[in-house]
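Structure record follows, encoded as structure tokens.
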Amino acid sequence: MPIITFPDGAQKTFDSVVSVIEVAKSISPSLAKMALAAEVDGKLVDTAHLLDVDAKLAIVTDQDAAGLEIIRHSTAHLLAQATQMLYPNAQVTIGPVIEDGFYYDFAYKNGFSEADLGKIEKNMYKLVKQNLKIERIEMERDAAVAFFQAKGEHYKAEIIASIPKNEPLSLYQQGDFIDLCRGPHVPSTRHLKAFKLMKLAGAYWRGDNNNEMLQRVYGTAWANKDDLEKYLHRLQEAERRDHRKIGKKQSLFHLQEESPGMVFWHQKGWVLYQIVKQFMRDIFIDNDYQEVHTPQLIDKSLWQKSGHWDKFSEAMFVTGSEHREYAIKPMNCPAHVQIYNQGLKSYRDLPLRLAEFGSCHRNEPSGTLHGIMRVRNFVQDDGHIFCIDTQIQDEVAAFIDLTFKVYQHFGFEDIAIKFSDRPQKRVGSDAVWDKAESALKKALNVKGISWELQAGEGAFYGPKIEFVLKDCLQREWQCGTLQVDFSMPERLNAHYIAKDGSKQTPVMLHRAIVGSIERFVGILIEHYAGALPTWLAPIQAVILNISEKQLDFATIIEKKLKKQGLRVISDLRNEKIGFKIREHSQQHCPYILVVGDKEVENRQISVRQRGGKDLGTMPLETFVKLVTTE
RNA sequence: GCCGAAGUAGCACAGUUGGUAGUGCAACUGAUUUGUAAUCAGUAGGUCGCCAGUUCGAGUCCGGCCUUCGGCACCA
């Protein structure tokens with residue numbers, strides 16, 4: 001006699017064992033029709049699940065987040081079924097739900113092509129029309145292994161074999177297709193109404209690049225066609241913001257074959273770059289950093305001492321001269337230790353903060369390059385703080401505050417913090433790592449900041465805190481970083497004389513706020529879709545004349561505004577005013593200044609703000625004030 | 001690096017079964033002297049990513065390489 005309690009507190013008593021779908025029917029036929037699954041005492045189950053004891057029950061429909069997830073998961077199964085019907089030699093592996101959709105990895109020797117995606121998708125919709133029942137089957141582990149082995153599904157068998165023996169296993173069947181799955185799934189294929197296969201990619205079996213490569217099919221799935229359309233539209237919006245497109249359109253930079261992963265900055269892009277750099281330079285000055293500059297080419301032996309050669313020699317560009325081997329620096333820290341080491345330091349000198357906009361080269365694998373976001377040559381707002389271990393917490397706290405301040409200034413609010421602890425490939429003793437990790441965690445906890453743990457993701461010399469921004473494509477970009485390093489100062493013989501006269505090794509904090517300026521500029525471009533705020537805009541205002549008669553006046557105000565420090569150009573071409581306004585609007589110029597006969601007569605300018613807002617005519621001084629106080 | 005796709009004029013793209021490469025915008029020249037998102041006309045512009053090959057003939061077909069794009073792995 002199970003008593004079922006619903007989310008609103010209402011209760012219903014049933015005479016005997018009852019299934020979820022029967023409970024739903026007892027409430028209303030339409031609810032039964034919509035039911036995808038149910039949450040029973042906090043656990044998700046199928047609609048066929050039987051209830052034999054008292055339980056709290058909530059029917060899950062496509063209106064719930066859990067419902068959407070089930071739809072995506074079931075769509076992944078549908079993809080696998082449709083694929084195996086067309087390509088019986090393709091073996092199934094895994095098909096999880098991801099943000100906005102799902103994927104399924106197949107082991108398929110012949111490989112798929114984009115054309116296959118269309119065929120598979122068609123077949124999926126065909127199976128939806130057949131409204132196949134999706135049923136759960138329970139099986140013992142060893143029986144399941146044998147079952148999949150017999151079907152020639154070796155990957156699946158391997159997955160199941162790695163599951164503990166006593167755990168009950170569930171399989172799901174729809175038509176002839178059977179897959180291992182925890183579930184739950186939608187009751188039948190008719191519930192899968194809006195999906196699209198998006199792209200084809202390679203992916204390593206079990207995420208390990210020593211394993212063979214599988215064929216991954218990505219798809220998106222939604223509760224209805226409307227949501228699917230909205231999602232596709234969102235993707236288009238993201239594409240519109242692509243920094244590579246905007247960079248070309250606004251002539252900010254370009255890349256070319258002869259320098260893969262290295263940026264050719266055009267005048268306008270370089271202005272933006274320099275604004276970011278100068279802003280960070282001022283931040284250094286205001287926060288007691290000393291800006292220094294160190295060589296780009298440093299003898300291999302130093303990289304051997306620092307430990308970089310062992311770990312990253314393959315990713316370093318090297319060059320030789322007179323029988324000596326040099327590496328182009330991939331980072332600035334060993335060089336900063338060399339500056340620190342000039343002259344004996346006292347505890348009174350600490351913390352000593354060194355900063356550098358040093359040009360670094362890393363030979364990143366070709367497949368990783370991505371516009372100006374992931375490059376082989378970049379400059380960071382790089383800094384190293386040499387301090388005593390008792391000073392770590394204060395330094396970390398001050399850095400966190402500073403970082404948030406900087407991000408806010410650039411217009412970023414959505415920031416996540418991640419904490420990465422010791423990786424497998426590392427230098428330094430466990431005792432030293434214990435010390436470093438706890439110092440970082442303590443600083444975070446004292447500030448009351450929540451963070452996500454990334455186990456084993458630390459740098460080889462120390463644990464790190466990462467500051468992660470989300471861009472318009474919902475991709476995460478790690479910008480800021482702070483790393484505690486007890487190892488490198490020791491390896492490179494850095495010392496200070498302590499209060500008691502003893503010789504000690506300082507701790508080194510590696511830190512950056514915007515990180516790679518190249519990447520940060522890319523993020524800014526996408527964040528603002530090319531319409532940069534006035535303080536960042538390479539061109540802040542453009543002067544347009546109506547006709548030749550105002551040439552002289554236009555030239556005079558251009559000079560005057562430039563003298564006031566504004567970044568101004570004039571467009572005096574013999575074109576209609578509408579045409580010129582259109583062009584500069586498309587370039588997202590913050591202000592368009594129009595001068596015609598009236599303006600010449602009054603010695604004023606007519607100001608049009610980005611977005612088409614007419615601010616009327618005003619004297620130059622008023623405009624300068626407007627822009628500088630914006 | 002691995003899997004898949006792509007590379008044609010400054011940019012965005014078309015190019016059929018292999019038969020001497022096109023369109024739009026931009027550029028240039030001329031006319032027009034214009035009042036808030038496209039004035040008109042004309043001209044010029046290409047070793048079809050690179051290298052080899054098949055063919056009487058290759059943008060198109062085969063092979064290799066480079067770069068880019070989407071992922072995977074990587075990211076000091």
Side-chain angles (χ1 to χ4, degrees), chain A residues 103 105 108 111-117 198-218 239 242 244-245 248-249 251 254-261 303 306-316 329-334 360 362-371 374-376 380 382 423 425-427 457-462 464 466 478 481 483 485 488 510 515-516 519 544-551 573-587 592-599 606-609 611-614:
Chain A
Y103 66 78
D105 285 349
Y108 185 51
F112 297 120
S113 70
E114 310 250 306
D116 295 327
L117 288 194
M198 302 299 288
K199 55 200 173 194
L200 201 56
Y204 298 107
W205 167 235
R206 302 207 142 161
D208 185 339
N209 63 358
N210 296 312
N211 290 341
E212 60 275 35
M213 183 152 276
L214 307 174
Q215 300 277 308
R216 175 172 297 178
V217 179
Y218 281 93
E239 216 179 298
D242 191 310
R244 292 164 300 197
K245 278 197 174 157
K248 213 178 255 178
K249 227 179 244 165
S251 185
H254 85 269
L255 294 135
Q256 68 182 52
E257 282 194 25
E258 289 84 349
S259 293
W303 301 110
S306 71
H308 289 92
W309 193 260
D310 280 351
K311 305 282 181 291
F312 294 106
S313 57
E314 273 190 9
M316 287 159 76
K329 70 175 169 188
M331 56 189 334
N332 304 303
C333 39
C360 295
R362 294 180 185 177
N363 196 3
E364 305 279 6
S366 56
T368 65
L369 304 179
H370 176 89
R374 182 89 183 257
V375 288
R376 286 187 173 145
Q380 285 180 287
D382 198 12
K425 232 183 176 187
R426 61 175 184 262
V427 296
E457 298 285 310
F460 72 87
Y461 48 67
K464 60 186 181 186
E466 286 175 348
Q478 181 222 312
T481 180
Q483 306 167 7
D485 183 354
M488 202 182 297
H510 305 244
S516 153
R519 176 164 57 178
L544 308 183
N545 60 330
I546 301 279
S547 74
E548 255 170 27
K549 281 182 279 176
Q550 305 91 29
L551 273 181
R573 287 176 302 171
N574 176 13
E575 295 286 354
K576 284 190 141 177
I577 193 69
F579 176 82
K580 292 201 276 192
I581 285 174
R582 180 182 151 85
E583 281 205 341
H584 296 286
S585 298
Q586 283 176 338
Q587 290 287 314
I592 290 173
L593 313 177
V594 177
V595 292
D597 285 341
K598 273 182 276 172
E599 286 77 12
S606 171
V607 180
R608 181 191 162 109
Q609 198 170 35
K613 198 174 169 201
D614 184 4

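Order of the sequence lines fixes the chain letters, A, B, ..., with proteins taken first and strands second; residue numbering starts at 1 for each chain.
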Length of the [atom1]-[atom2] vector between [X] and [N], whole Å:
X	N	atom1	atom2	value
A:Leu544	B:A38	CG	C1'	14 Å
A:Arg374	B:A76	CZ	C1'	11 Å
A:Gln483	B:C75	CD	P	13 Å
A:Leu369	B:C72	CG	P	15 Å
A:Asn211	B:C3	CG	C1'	14 Å
A:Lys580	B:A38	NZ	P	14 Å
A:Met198	B:A5	CE	C1'	15 Å
A:Asn209	B:C74	CG	C1'	8 Å

Picking from [options], which would you name as closest to the side chain of [X]?
X	options	value
A:His370	B:A12, B:G70, B:A76	B:G70
A:Ser585	B:U39, B:C69, B:A37	B:A37
A:Asp597	B:G1, B:G35, B:A76	B:G35
A:Glu257	B:G49, B:A38, B:A76	B:G49
A:Ala201	B:G4, B:G70, B:A73	B:G70
A:Arg216	B:G49, B:C72, B:U36	B:C72
A:Phe312	B:C75, B:G71, B:G1	B:C75
A:Ala203	B:C72, B:A37, B:A76	B:C72
A:Tyr461	B:G35, B:A76, B:G7	B:A76
A:Ser113	B:A5, B:U68, B:U33	B:A5

Does [N] pair with anything, Watson-Crick or G-U wobble, both distances under 3.5 Å, and if so, with which nucleotide?
N	result
B:A76	none
B:A41	B:U29
B:G46	none
B:U68	B:A5
B:G35	none
B:A12	B:U23

Regarding [X], tell me which of base, sugar-phosphate or nothing describes its non-hydrogen contacts under 4.0 Å with the strands shown.
X	answer
A:Gly611	nothing
A:Glu114	sugar-phosphate
A:Gly596	base
A:Ser306	nothing
A:Arg573	sugar-phosphate
A:Lys199	sugar-phosphate
A:Pro260	sugar-phosphate
A:Lys248	sugar-phosphate
A:Gly207	sugar-phosphate
A:Tyr103	nothing

Euclidean distance for [atom1], [N] against [M] (whole angstrom):
N	M	atom1	result
B:A41	B:C25	P	10 Å
B:C66	B:C51	P	15 Å
B:G19	B:C13	P	24 Å
B:G42	B:C48	P	29 Å
B:C3	B:A9	P	29 Å
B:C62	B:U17	P	14 Å
B:A26	B:U67	C1'	25 Å
B:A44	B:G24	P	15 Å

Using the side chain to side chain contact (heavy atoms under 4.5 Å, CB included) rule, take A:Glu364 and A:Leu369 through it: C-alpha gap first, then chi angles, then the decisive distance, then the call. CA-CA 7 Å; A:Glu364 305 279 6; A:Leu369 304 179; 4.2 Å; yes

Taking only the side-chain nitrogens and oxygens of A:Lys613, find out if one of them lies under 4.0 Å from OP1 or OP2 of B:U36. no

Any A:Ser366 side-chain nitrogen or oxygen under 4.0 Å from OP1 or OP2 of B:G1: yes

Could you tell me the separation between the [atom1] atom of [X] and the [atom2] atom of [Y], rounded to the nearest 0.5 Å?
X	Y	atom1	atom2	answer
A:Arg216	A:Leu200	CZ	CG	11.0 Å
A:Glu575	A:Glu583	CD	CD	7.5 Å
A:Arg362	A:Arg374	CZ	CZ	9.0 Å

Shortest non-hydrogen contact between A:Ser585 and A:Ile592, atoms and distance: OG-CD1, 3.8 Å

Is A:Lys425 close enough and on-axis enough to A:Phe460, meaning under 6.0 Å and within 45°, for cation-pi?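 A:Lys425 over A:Phe460 ring: no.
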
Please lay out, stage by stage, how A:Arg244 and A:Asp242 fare under the test salt bridge (charged side-chain N to carboxylate O under 4.0 Å, His left out). CA-CA 5 Å; A:Arg244 292 164 300 197; A:Asp242 191 310; 2.5 Å; yes

Backbone of A:Gln478 reached by a side-chain donor or acceptor of A:Glu466 within 3.5 Å: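 No; zero donor-acceptor contacts below 3.5 Å.
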
Does the base of [N] carry an N or O that pairs as donor and acceptor with the side chain of [X] under 3.5 Å?
X	N	value
A:Glu599	B:G35	yes
A:Arg608	B:A37	yes
A:Tyr204	B:G1	yes

Please work out which of the three classes, parallel, tilted or perpendicular, describes the rings of A:His308 and A:Phe312, given edges at 30° and 60°.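 Geometry flag for A:His308 against A:Phe312: tilted rings.
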
Go nucleotide by nucleotide along RNA chain B from the 5' end; which of A:Glu258 and A:Arg362 gets its closest nucleotide reached first? A:Glu258

Could you pick out which residue, A:Met213 or A:Glu575, lies toward the 5' side of RNA chain B when each is mapped onto its nearest nucleotide? A:Met213

When you compare the ring of A:Phe579 with the six-membered ring of B:A38's base, are the centres less than 5.5 Å apart and the planes under 30° from each other?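 The base of B:A38 is not stacked with A:Phe579 (the test needs centres under 5.5 Å and planes under 30°).
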
